[in-house]
*Asks:* 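Mind having a look at this structure? Questions to follow.
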Amino acid sequence: MGDDGSVTSTGRAWDLGYAAGWQLIRRLPEQPAVRLFDAAADRASRRGGHRQLRRNLSRVLGTTPDRVPAGLVQASLRSYARYWREAFRLPRMDPVRLADIIERSATGLEHIRDAIDRGTGAVLALPHSGNWDLAGIWVVERIGRPTVVAERLDPESLFRRFVRFREGLGFEIIPLTGDAISPFPTLVDRLQQGRVVGLLGERDLSGTGVPVTFFGEPARMPSGPARLAIDTGAPLLPVRCWFTPTGWGFHIDAPLDTGGGIERTTQNLADRFAAGIAAHPADWHMFQPLWTADLHGAPNRDSVG
């Protein structure tokens, strides 16, 4: 937004771009759409840059940003492009068929079903990996309407477009910020009703998250997943999502032990996230600063010290 609250020209351009994507890409046949998005990702890869992506991937690989393979950067951009291609095309895909595919390929689904059978609800915590919208579609089709917290985007029209998109998939969307009350009481209520709550959990947008060690370096992660599980007794289930050449991979871990409190539980969640990201680094769509060193302008990691 501009300083006077008006929509900036950049924000309007983003909104129009996404609107065009939803209208045009969903009408393309599958293979032309794949070629189009792969070509766009490859062009972006050849242009270079992607400094923050390299910095993030360097932690996963245990190296420096300049030593992150160019092939991994290209694969990461293709994976990110695939996420958006699938997002644009999801409204025309058959959700029942998608749920059937996920049912056959995913592992650990029994942890969600056990929680629902016990009436506790479940907290699903995911990093920004693979296609997490498809994980939600399985919940919609096989369990019931999940409640998802969404980051408020600029401009508001773009945020509302994403809300309508995910509501159309069957999700209940609660904004992270901008409402008169915190989303936390609503999430507690949904869990007490025995429902599923889904949270993207590795990026601290508040600046007040829990200190953790993530891939060997200090970072902060939101306390919400641990707080919800501890306050309601619902199991906290880490979820891993990744892409396969012809489909998707999903794994739901066993419930985390929350007996150590919020800090220890959040660290355990960070460790689960790290294991999943390390197994499929190209599918981790994290292009923003995440570690304390990057957020606070610590010395450059681009070369070996």
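When reading the values below, keep in mind they use all heavy atoms of this one structure, side chains included, and skip hydrogens, waters and symmetry mates. Numbers for residues simply follow the sequence, beginning at 1. This is a predicted model, so every value here is computed, not measured.
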*Asks:* Quick one: CD on Q52 to NE2 on H50, what's the gap to the nearest 0.5 Å?
*Replies:* 13.0 Å
*Asks:* With a 3.5 Å distance limit and no angle check, can you tell me whether H280 reaches the backbone of C241 through a side-chain donor-acceptor pair?
*Replies:*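 The answer is no, because no donor-acceptor pair under 3.5 Å joins these two groups.
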*Asks:* To the nearest 0.5 Å, how far apart are CG in L187 and CD in Q192?
*Replies:* 11.0 Å
*Asks:* Search all heavy atoms of A254 against all heavy atoms of L237 and return the closest pair with its distance.
*Replies:*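 That closest heavy-atom pairing would be C-CD2, 4.2 Å.
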*Asks:* Determine whether F184 and D231 make a side-chain contact, defined as any pair of heavy atoms from C-beta on separated by less than 4.5 Å.
*Replies:*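 Yes, close enough: below the 4.5 Å cut-off.
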*Asks:* Side-chain heavy atoms under 4.5 angstrom apart, residues restricted to Ile, Leu, Val, Met, Phe, Trp, Tyr: same cluster for Y80 and L134?
*Replies:*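 Yes, because Y80 and L134 connect within a single hydrophobic cluster, where side-chain heavy atoms sit under 4.5 Å apart.
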*Asks:* I'd like to know if the side chain of T244 reaches the main chain of G247, judged simply by a donor and an acceptor atom lying under 3.5 Å from each other, with no hydrogens or angles considered.
*Replies:* yes
*Asks:* What's the verdict on side chain to side chain contact (heavy atoms under 4.5 Å, CB included) for L199 and V123, showing C-alpha distance, side-chain angles and the deciding distance?
*Replies:* CA-CA 7 Å; L199 301 172; V123 181; 4.2 Å; yes
*Asks:* Minimum heavy-atom separation for I112 and W138, please, with both atom names.
*Replies:* CD1-CZ3, 3.8 Å
*Asks:* Report the C-alpha separation of R142 and D100 in whole Å, then their side-chain angles, then the decisive distance to 0.1 Å, and conclude whether the salt bridge (Lys or Arg N to Asp or Glu O under 4.0 Å) test is met.
*Replies:* CA-CA 9 Å; R142 298 302 169 89; D100 288 342; 2.2 Å; yes
*Asks:* Go through the steps to decide whether H251 and V239 satisfy the test side chain to side chain contact (heavy atoms under 4.5 Å, CB included), and finish with yes or no.
*Replies:* CA-CA 6 Å; H251 176 73; V239 180; over 6 Å; no
*Asks:* Would you say that L256 contacts P238 through its side chain, given a criterion of any heavy-atom pair below 4.5 Å between the two side chains?
*Replies:*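 They are in side-chain contact.
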*Asks:* Does a sphere of radius 6.0 Å around CZ in R145 hold more than 12 heavy atoms from other residues, nucleotides or ligands, not counting ones at 6.0 Å or beyond?
*Replies:*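 Counting neighbours around CZ of R145, more than 12 heavy atoms of other residues, nucleotides or ligands fall under 6.0 Å, so yes.
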*Asks:* For I230, is there any backbone N or O sitting under 3.5 Å from a side-chain donor or acceptor partner on T258?
*Replies:*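 Between the backbone of I230 and the side chain of T258 there is no qualifying donor-acceptor contact (under 3.5 Å).
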*Asks:* Is there a side-chain contact between E86 and F243 in this structure, where contact means two heavy atoms from C-beta onward sitting under 4.5 Å apart?
*Replies:*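 Side-chain contact under 4.5 Å: yes.
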*Asks:* Applying side chain to side chain contact (heavy atoms under 4.5 Å, CB included) to R85 and R82, what does each step give before you reach the verdict?
*Replies:* CA-CA 5 Å; R85 170 173 56 82; R82 176 176 171 178; 3.3 Å; yes
*Asks:* I would like to know whether E103 and R113 meet salt bridge (Lys or Arg N to Asp or Glu O under 4.0 Å); could you show each step before the answer?
*Replies:* CA-CA 12 Å; E103 185 80 33; R113 290 194 169 103; 3.0 Å; yes
*Asks:* Only one of D204, T266, L269, V210 forms a side-chain contact (heavy atoms from CB on, under 4.5 Å) with M221, so which one is it?
*Replies:*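 The residue from D204, T266, L269, V210 that satisfies side-chain contact (heavy atoms from CB on, under 4.5 Å) with M221 turns out to be T266.
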*Asks:* What do the steps show when you test L90 against I137 for side chain to side chain contact (heavy atoms under 4.5 Å, CB included), and what is the final call?
*Replies:* CA-CA 10 Å; L90 264 178; I137 285 177; 3.7 Å; yes
*Asks:* OG1 of T232 to CD of Q193: how many Å apart, nearest 0.5 Å?
*Replies:* 12.5 Å
*Asks:* Quick one: closest heavy-atom pair of P127 and L200, and the distance?
*Replies:*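 The pair with the smallest heavy-atom distance is O-CD2, 3.7 Å.
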*Asks:* Tell me whether R166 is salt-bridged to E172, with the criterion being a basic N under 4.0 Å from an acidic carboxylate O.
*Replies:* no
*Asks:* Provide the closest heavy-atom pair for A87 versus F165 in the form atom of the first, atom of the second, distance.
*Replies:* O-CE1, 3.4 Å
*Asks:* Quick check: is V34 connected to F37 through a chain of hydrophobic side chains (ILVMFWY, heavy atoms under 4.5 Å apart)?
*Replies:*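 No, no single cluster joins them.
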*Asks:* Could you check whether the rings of H285 and W132 sit parallel, tilted or perpendicular, using 30° and 60° as the cut-offs?
*Replies:*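 The rings of H285 and W132 sit tilted, inter-plane angle from 30° to 60°.
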*Asks:* Indicate yes or no: at least one non-hydrogen side-chain atom of M93 is less than 4.5 angstrom from one of R97.
*Replies:* no
*Asks:* If you round to the nearest 0.5 Å, how far is CG of L57 from CH2 of W284?
*Replies:*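 With rounding to 0.5 Å, CH2 (W284) is 7.5 Å from CG (L57).
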*Asks:* Roughly how far apart are L109 CG and T107 OG1, rounded to 0.5 Å?
*Replies:*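 Atom-to-atom, L109:CG and T107:OG1 are 7.5 Å apart.
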*Asks:* Please say yes or no: joined through hydrophobic side-chain contacts below 4.5 Å, possibly via intermediate residues, are L98 and W242 part of one cluster?
*Replies:*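 No, because L98 and W242 fall into different hydrophobic clusters, even though each may have its own neighbours under 4.5 Å.
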*Asks:* For the residue pair R55 and S58, what are the closest heavy atoms and their distance?
*Replies:* O-OG, 2.6 Å
*Asks:* Side-chain contact, heavy-atom cut-off 4.5 Å: R67 with T64?
*Replies:*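 Counting from C-beta outward, R67 and T64 do come under 4.5 Å.
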*Asks:* Is there side-chain contact between R195 and L191, with at least one heavy-atom pair below 4.5 Å?
*Replies:* no
*Asks:* Looking at R220 and E202, is any side-chain nitrogen of the basic one under 4.0 Å from a carboxylate oxygen of the acidic one?
*Replies:*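 Result for this pair is no, no salt bridge flagged.
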*Asks:* Between the side chains of D133 and Y83, does any donor sit under 3.5 Å from an acceptor?
*Replies:* yes
*Asks:* Answer yes if the side chains of D283 and S79 hold a donor-acceptor pair under 3.5 Å, and no otherwise.
*Replies:*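 Checked: D283/S79 side chains pair up, N/O donor to acceptor below 3.5 Å.
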*Asks:* Of all heavy-atom pairs between E217 and A293, which one has the smallest distance, and what is that distance?
*Replies:*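 Looking at all heavy atoms of both residues, the shortest contact is OE1-CB, 4.3 Å.
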*Asks:* Any side-chain heavy atom of R46 within less than 4.5 Å of one from Q74?
*Replies:*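 The answer is no, as the side chains (C-beta and beyond) never meet within the 4.5 Å cut-off.
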*Asks:* In Å, rounded to the nearest 0.5 Å, how long is the span from CZ of R54 to OG1 of T63?
*Replies:*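 R54 atom CZ to T63 atom OG1 measures 10.5 Å (nearest 0.5 Å).
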*Asks:* Aromatic rings F214 and W291: how do their planes relate, parallel, tilted or perpendicular, breaks at 30° and 60°?
*Replies:*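 Answer is parallel, since the angle falls under 30°.
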*Asks:* Between R59 and D294, does any side-chain N to carboxylate O distance fall below 4.0 Å?
*Replies:* yes
*Asks:* Side chains of I101 and R104, heavy atoms from C-beta outward: is any pair under 4.5 Å?
*Replies:* yes
*Asks:* Quick one: does T265's side chain have a donor or acceptor within less than 3.5 Å of a partner on G261's backbone?
*Replies:* yes
